[in-house]
Amino acid sequence: MRYEQDFLNLQLKEPTVLSLGKFDGLHRGHELLMESVFEKAKEGRKAAVFTFDIPPNQSCGVQQVITTKEEKQQLFLERGVDYLIECPFTEEIRQMEPERFIEEIAKRLCVKWIVAGTDFHFGHNRRGDYHMLQDYAAKYGYKVRVVQKMQYQGRDISSTYIREAIGKGNIEFANELLGYPYFIQGKVVHGNQVGRTIGFPTINIMPLPEKLLPPYGVYVSKVWLDGKQYGGITNIGVKPTIHGAYPAGAETYIYDFHENAYDKTAKVELLHFERPERKFHGIGELSAQLAKDLAYGREYLADCF
């Protein structure tokens, strides 16, 4: 997959089928768009995705996302996208009139088909929509396929819907909307190694500040490392039993794993919420609870491997 950010200096030579959107989470609704993209791409075109790289709103703090930029790139790579254009949301782009935006994507991305949802808006003051894409199709030499929103339990599947489920700790429901397990991906870093000293060695991932985390607690998980999948138990939280202040992270015990994982990229998928994070009265009480957590996880994962 070719990843591009310099949209206004880009010139693709190969004909493309382009889908546009935010794609936070790349959920089941987005998959409808991608199915259409790949269907048209089979006719001798490249599959391309255009999305905006919108920086955090400084007045509102960090905007929480289901998937970070790196995680989103990985998802598109796994799905076989040929081009991912992540355009910085500069003042020039923000002020761009809708027709000029259409002209730019048509000529710079060699677009032959545009696949868009009914809720996609673009251009200055978000005045552009799928109707405008259709109106200018003949002028700029492309065709349009409009994809209706997918619904689940009477509501449109959206990133907002999924964020609500994750925020409530309803991981199974969020996973149903996503079409795959919610995950945290990152490099394994050194922790305080308390788990190792009490017989429960773990790996630690520190999510980026913009990563939306579920409520602090213990989750049954699956872990991908070096192309292999393992069962695990993951604590999302700040380690309240251990002395000191810790940022929110994902600490995972991996079943039947005895290798060095430091500096490797791990993907931790959350499957089921077991219990809230809590502060224990000492390491002994913590160890006893960890043993219960591991037994619970093994039973839950018994049919998964």
Side-chain angles (χ1 to χ4, degrees), residues 1-27 29-30 33-34 37 46-117 119-130 132-133 136 140 142 144 158-160 162-163 183-187 206-212 265:
M1 182 181 76
R2 182 172 158 186
Y3 174 69
E4 296 285 352
Q5 288 186 296
D6 193 7
F7 167 60
L8 293 178
N9 289 310
L10 183 62
Q11 186 60 68
L12 301 185
K13 302 297 184 182
E14 300 171 296
T16 64
V17 183
L18 181 70
S19 189
L20 310 103
K22 293 180 181 178
F23 296 102
D24 186 20
L26 197 54
H27 52 65
H30 295 140
L33 294 173
M34 298 313 302
V37 168
K46 296 297 184 180
V49 170
F50 183 100
T51 186
F52 290 112
D53 180 11
I54 301 177
N57 185 332
Q58 298 303 321
S59 64
C60 300
V62 176
Q63 296 175 345
Q64 300 291 286
V65 295
I66 302 166
T67 45
T68 65
K69 288 174 56 175
E70 292 75 14
E71 291 169 347
K72 189 187 298 185
Q73 289 172 27
Q74 183 64 32
L75 287 172
F76 279 121
L77 176 65
E78 292 171 356
R79 279 153 180 75
V81 167
D82 297 299
Y83 293 99
L84 173 60
I85 299 94
E86 193 169 49
C87 177
F89 197 60
T90 62
E91 187 65 16
E92 180 181 4
I93 293 292
R94 190 178 72 82
Q95 296 288 344
M96 189 177 288
E97 291 300 321
E99 184 182 353
R100 189 194 159 201
F101 177 77
I102 293 173
E103 180 183 9
E104 293 289 349
I105 63 171
K107 72 179 183 181
R108 294 187 180 282
L109 306 183
C110 198
V111 176
K112 301 305 177 185
W113 276 89
I114 292 179
V115 179
D119 61 343
F120 179 67
H121 290 82
F122 58 92
H124 185 50
N125 290 332
R126 293 169 49 86
R127 292 200 304 270
D129 59 11
Y130 73 93
M132 188 174 288
L133 290 174
Y136 285 99
Y140 292 109
Y142 60 83
V144 179
S158 67
S159 300
T160 298
I162 296 166
R163 288 189 202 101
F183 67 92
I184 301 167
Q185 182 170 300
K187 185 173 289 188
M206 301 309 299
L208 294 174
E210 63 266 28
K211 176 72 175 183
L212 175 66
T265 296

Is there a side-chain contact (heavy atoms from CB on, under 4.5 Å) between Arg127 and Phe101? Walk through the geometry before answering. CA-CA 11 Å; Arg127 292 200 304 270; Phe101 177 77; over 6 Å; no
Verdict with supporting geometry, Glu78 and Gln74, side-chain hydrogen bond (donor to acceptor under 3.5 Å, both in side chains): CA-CA 6 Å; Glu78 292 171 356; Gln74 183 64 32; 3.2 Å; yes
Criterion side-chain contact (heavy atoms from CB on, under 4.5 Å) on Ile85 and Ile105, from CA distance to verdict: CA-CA 10 Å; Ile85 299 94; Ile105 63 171; over 6 Å; no
Working for side-chain hydrogen bond (donor to acceptor under 3.5 Å, both in side chains), residues Glu104 and Tyr140: CA-CA 10 Å; Glu104 293 289 349; Tyr140 292 109; over 6 Å; no
Does the side-chain hydrogen bond (donor to acceptor under 3.5 Å, both in side chains) test come out yes or no for His124 and Glu97, once each step is laid out? CA-CA 5 Å; His124 185 50; Glu97 291 300 321; 5.0 Å; no
Could you please spell out the steps behind the side-chain contact (heavy atoms from CB on, under 4.5 Å) verdict for Arg79 and Leu26? CA-CA 10 Å; Arg79 279 153 180 75; Leu26 197 54; 3.3 Å; yes
Leu12 vs Arg2, test: side-chain contact (heavy atoms from CB on, under 4.5 Å). Steps then yes/no. CA-CA 11 Å; Leu12 301 185; Arg2 182 172 158 186; 4.0 Å; yes
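The aromatic rings of Phe89 and Phe52 sit perpendicular, their planes meeting at an angle over 60°, well past the 30° parallel limit. Between His30 and Phe23, the ring planes lie tilted relative to each other; the angle falls in the 30° to 60° range.
Of all non-hydrogen atoms in Asp53 and Glu86, the two that sit nearest each other are CB-CG, 3.7 Å. Residues Gly117 and Leu33 share a closest heavy-atom pair of N-CD2, 3.7 Å. Of all heavy-atom pairs between Leu133 and Tyr142, the closest is O-OH, 2.7 Å. The shortest non-hydrogen separation linking Lys22 to Thr51 is O-OG1, 3.2 Å. Taking all atoms of both residues into account, the shortest heavy-atom contact from Glu14 to Cys110 is O-CB, 3.3 Å.
For the pair Trp113/Val37, no side-chain contact is recorded, criterion being any heavy-atom separation below 4.5 Å from C-beta on. In this structure the side chain of Ile93 reaches within 4.5 angstrom of the side chain of Leu8, judged on heavy atoms. Between Thr67 and Leu75 there is a side-chain heavy-atom pair separated by less than 4.5 Å. Side-chain contact between Glu91 and Arg94: present, with at least one pair of heavy atoms (C-beta onward) separated by less than 4.5 Å. With contacts defined as side-chain heavy-atom distances shorter than 4.5 Å, the pair His27/Ser159 qualifies.
Ser19 contributes no side-chain N or O that, together with a main-chain N or O of Met34, makes up a donor-acceptor pair within less than 3.5 Å. Checking side-chain atoms of Gln73 against main-chain N and O of Thr68 turns up no donor-acceptor pair under 3.5 Å. For Asp129 (side chain) and His121 (main-chain N/O), no donor-acceptor pair under 3.5 Å exists by modelled atom type. Side-chain N or O atoms of Thr16 include none that pairs as donor or acceptor with a backbone N or O of Ala47 at under 3.5 Å. Formation of a donor-acceptor pair under 3.5 Å by the Glu103 side chain with backbone atoms of Pro98 is not found in this model. No donor-acceptor pair under 3.5 Å is formed between the side chain of Lys211 and the backbone N or O of Gln185.
In this structure, Phe122 has its ring center no closer than 6.0 Å to that of Phe50.
Taken from CG in Leu84 to CG in Leu77, the straight-line distance is 10.0 Å, to the nearest 0.5 Å.
No salt bridge links Lys187 with Glu70; every basic N to acidic carboxylate O contact stays at or beyond 4.0 Å.
Taking Asp24 as the reference, Arg163 meet the salt bridge (Lys or Arg N to Asp or Glu O under 4.0 Å) condition, with sequence neighbours excluded. By the side-chain contact (heavy atoms from CB on, under 4.5 Å) test, Tyr130 is found to be paired with Thr118, Gln134, Val146, residues two or more places apart in sequence or in another chain being considered.
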